[in-house]
Each structure stands twice: as structure tokens, then as C-alpha cells.
Amino acid sequence: TDLQRLCVHESIGNKIPKEGFVEAFDELSTPVELVGDDESYDEGDAVASFKPRPEFLDAGWVHVIRAGYDAFDTDEYEANGTPLTNSTGIHGTTVGEIAVGYMLSLARMLHVYRDHQNDSDWYEPEYQRPFTVENERLCVVGLGTLGQGIATRADALGMDVVGVRRSQESVPGVSEVYHPDDLHEAIADARFVAVAVPHTPSTEGMISTDELATMRDDAYLVNVARGPIVDQDALVDALDAGTIAGAGLDVFETEPLPEESPLWDFEEVIISPHRGSATNRYHLDIAELVAENVRRYQDGESLKNRVA
Ligand code: NDP
Ligand code: 7N6
């Protein structure tokens with residue numbers, strides 16, 4: 001197929017440097033243009049974007065620079081015959097590292113020491129509080145790119161890793177794979193529960209009052225997937241009541257997390273601003289994926305990561 005332009009929509013600037021991203025396509029023979037909301041498209045255009053826009057349906061192919069494409073209406077793309085691709089496959093290391101980072105910090109109290117450091121306070125915690133992640137059980141809910149990135153790293157730290165997925169397909173480093181119907185059984189004995197499923201109708205609110213009650217009261221919840229998968233009010237209640245011990249959260253029901261959210265105030269909650277995948281080379285990882293699909297598109301091959 002003849003591709004006239006690769007249009008990079010300016011919404012990518014939310015997450016990666018616009019100029020740097022465009023420059024990452026230096027080797028590409030197709031012209032790359034940075035475009036805004038007033039741009040129109042035709043069959044000869046490919047679009048790479050963070051946010052959806054109705055006009056994108058006129059393009060030949062649309063790429064979401066995120067792994068989660070829940071903001072895009074796949075039915076609309078299918079009805080229109082416009083291929084839609086996403087960015088799964090590139091976040092195993094970045095998100096895997098941040099998830100393990102939360103767990104190590106929560107176990108060894110780095111976040112608490114930093115809080116006290118702000119007051120030049122030589123804080124010595126209660127003897128019983130710190131623990132090693134080694135030999136602790138982690139349940140990874142969702143065993144795709146993110147889940148596997150978390151699981152292999154946790155396994156390397158000597159954690160006892162179990163997981164949850166619909167297909168039951170086994171995963172390296174995961175000793176037992178549960179079906180989502182057995183979620184309660186999967187999370188009941190875990191010291192850490194890490195959420196790594198896409199946001200879909202079946203995962204929305206998957207972790208709510210019952211699941212939080214099922215978790216151990218010394219367990220920590222990690223959410224690096226999407227805010228609405230966890231019922232945030234139920235989470236605040238569980239943290240208040242002490243029915244779970246804490247959380248590491250990169251994603252929220254409303255982002256940015258509103259100033260008045262009670263989540264900011266828990267010592268045992270670590271909050272990062274949806275930057276679980278962000279590193280100084282994130283734009284290069286995305287560009288490599290897009291460039292590979294540009295090649296495939298032009299050669300008439302099937303696109304990688306096609307979701308509609
Ligand atoms: P993948 O498609 O690679 O993995 C998703 C996994 O979830 C699969 O293993 C799938 O397995 C499983 N799954 C899907 N539905 C269910 C369900 N109902 N119950 C249990 N398991 C389920 O996606 P990624 O790992 O690349 O990304 C996952 C999500 O993480 C994205 O959709 C995005 O929302 C979020 N994300 C967040 C980032 C951040 O910056 N914080 C960065 C990247 C992604 P099976 O089919 O066997 O069920
Ligand atoms: C940064 C988005 C995803 O779904 O939300 C994450 O990939 C990261 C572009």
C-alpha cells in the first residue's frame with residue numbers, strides 16, 4: 001500500500017518529546033509530519049497518536065502509542081475498516097522495574113525513610129516492620145507483557161509468583177496460573193497483588209471491596225494497569241480500615257490524581273504519576289514498533305499488534 005505520510009498527532013506530547021519522536025524516524029523514507037487537531041486525513045496517511053480523534057477514521061491506518069487502547073472505540077474502527085494497532089510488547093522491562101521497585105520499597109521502607117529524610121530525621125522503625133520480598137508470595141493478575149515483566153523480575157528476587165489469566169497458558173517464573181473465576185483463591189495468600197490486565201468491561205472493578213477483604217491484612221496492592229480496574233473508593237476504605245497494608249499505584253480513576261484524593265496521605269501508599277513506562281528512551285521503543293509497522297504496511301504484510 002502506498003503510504004504518503006506518517007502523521008504524528010501532537011497528543012503524544014503528553015508522554016514523549018514530540019521532536020525527538022519525529023527524529024527517531026530519520027531512516028524512514030516516508031515523510032513524517034507533526035499534526036494538530038485541525039488536520040484532515042486520507043487513505044495515504046498513517047497516524048500515530050496518544051488520544052483518539054474522529055478524523056483518524058479517514059486515515060489508512062492508525063497506531064495508538066499506548067498498550068492500553070481503551071480510549072479508542074474499536075467497533076468504530078472495525079465498522080469503518082480502518083486498521084488500529086497498539087503498543088503492547090515494549091513495556092515489560094520499564095513497568096516490570098517500577099512494579100518491583102514499589103514492592104522493594106514497601107518491604108524495606110525506602111519511602112518511609114525518604115519521608116523522614118525530608119525532616120533530617122534519623123527515623124528508626126519498629127523492628128517487626130521491614131521484611132524481605134524473598135519467599136513472599138506475589139499474585140500477578142494479567143500475564144501479558146506487563147505481567148511477565150513483573151513476574152520474571154519477582155522470580156529473580158526469590159519471590160513465590162502465581163498469576164491469573166483467562167487462557168491458563170503458563171508463563172516462565174510463575175508457579176501456578178489461576179483462572180479469573182478463581183481470583184479470590186489466587187490473591188488470598190499473596191503478600192503482593194499486582195494488577196496488569198487491560199481495562200475492559202470484564203476487568204473494570206475487578207479489584208473491589210470483596211477482593212480487598214479477601215487479601216491478607218498485611219498485603220500490598222500494586223496497580224500499573226488502569227485506574228478503573230480497581231474500585232478506588234473501596235481501596236481507600238480498605239487502607240483506612242487496615243484490611244490491607246498499602247499500595248503502589250501508577251494509575252488512577254481520574255488522572256492527574258485530584259489534590260483532594262485521600263490516597264495522597266497514606267504513608268504506605270506510593271504514588272507515581274502514570275509514568276510506569278516512562279524512561280529517557282521510551283520514544284525510541286515506540287518509534288521502532290511504528291517503523292516496523294510502516295514497513296509491513298508498505299509491503300502489504302499484516303500489521304503487528306493489530307487490535308481492530
Ligand atoms: P497484554 O495484552 O500483553 O497482556 C494482558 C494480559 O491480561 C494477558 O495476559 C491476558 O491474558 C490478560 N487478561 C485479559 N483479560 C483478562 C481478564 N479478564 N482476567 C485476567 N486476565 C486477563 O497487555 P500489556 O501487558 O502490554 O498491557 C496491559 C495493560 O497495562 C494495558 O492494557 C494498559 O492498560 C496498561 N499499561 C500501563 C502502562 C503504564 O504506564 N502504567 C504501560 C503499559 C500498559 P489472557 O488473554 O490469557 O487472559
Ligand atoms: C504512555 C502510555 C499504556 O497504555 O498508559 C500506558 O501504554 C502508557 C504513552
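Along the sequence shown, residues are numbered consecutively beginning with 1. Whatever order the structure lists ligands and atoms in, that order sets their numbers, starting from 1.
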Worksheet item: Relative to the heavy atoms of L143, which atoms of ligand 1 are at a distance of less than 4.0 Å?
Response: 6 (C), 9 (O)
Discussion item. Which of the numbered atoms in ligand 2 are under 4.0 angstrom from any heavy atom belonging to H91?
Written reply: 7 (O)
Discussion item. Quick check on contacts: which atoms of ligand 2 are under 4.0 angstrom from a heavy atom of I65?
Written reply: 9 (C)
Worksheet item: Are any of the heavy atoms in Q148 under 4.0 Å away from ligand 1?
Response: no
Discussion item. Regarding atom 8 (C) of ligand 1: of the candidates G144, A99, G89, which has the closest heavy atom?
Written reply: G144
Worksheet item: Who's the nearest protein heavy-atom neighbour of atom 9 (C) of ligand 2, and how far?
Response: Y282 OH, 3.4 Å
Practice prompt. Name the option, out of P198, G227, A278, that contains the heavy atom nearest to atom 5 (C) of ligand 1.
Written response: P198
Fill in: Protein contact of atom 7 (O) of ligand 2 - nearest heavy atom, named by residue and atom, plus distance
A67 N, 2.7 Å
Practice prompt. Just need the protein heavy atom nearest to atom 29 (C) of ligand 1, so name the residue and atom and give the distance.
Written response: V197 O, 3.8 Å
Fill in: For atom 18 (N) of ligand 1, the option (of T203, V307, D250) bearing the nearest heavy atom
T203
Worksheet item: Which one of G147, S167, P180 has a non-hydrogen atom at the shortest distance from atom 19 (N) of ligand 1?
Response: P180
Discussion item. So for E169, does at least one of its heavy atoms come nearer than 4.0 angstrom to any atom of ligand 1?
Written reply: no
Discussion item. For R66, which part has a heavy atom under 4.0 Å from ligand 2: side chain, backbone, both, or neither?
Written reply: both
Discussion item. Looking at non-hydrogen atoms alone, which of L146, T88, D70 comes nearest to atom 2 (O) of ligand 1?
Written reply: T88
Discussion item. Can you tell me if S87 contacts ligand 2 (heavy atom of the residue under 4.0 Å from the ligand)?
Written reply: no
Discussion item. For the residue pair R191 and F131, would you count it as a cation-pi contact if the rule is NZ or CZ under 6.0 angstrom from the ring centre and within 45 degrees of the ring axis?
Written reply: yes
Response to the item:
If you scan protein heavy atoms around atom 8 (C) of ligand 2, the nearest is S277 OG, 3.5 Å
Response to the item:
Among R166, K15, R275, the residue with a heavy atom nearest to atom 46 (O) of ligand 1 is R166
Item to complete: Could you check atom 5 (O) of ligand 2 against the protein and tell me its nearest heavy-atom contact, residue, atom and distance included?
Response: H274 NE2, 2.7 Å
Worksheet item: Any N or O on G68 sitting closer than 3.5 Å to an N or O of ligand 2?
Response: yes
Fill in: N or O contact, K15 vs ligand 2, cut-off under 3.5 Å
no
Discussion item. Is the distance between the ring centroids of H184 and Y178 under 6.0 Å?
Written reply: no
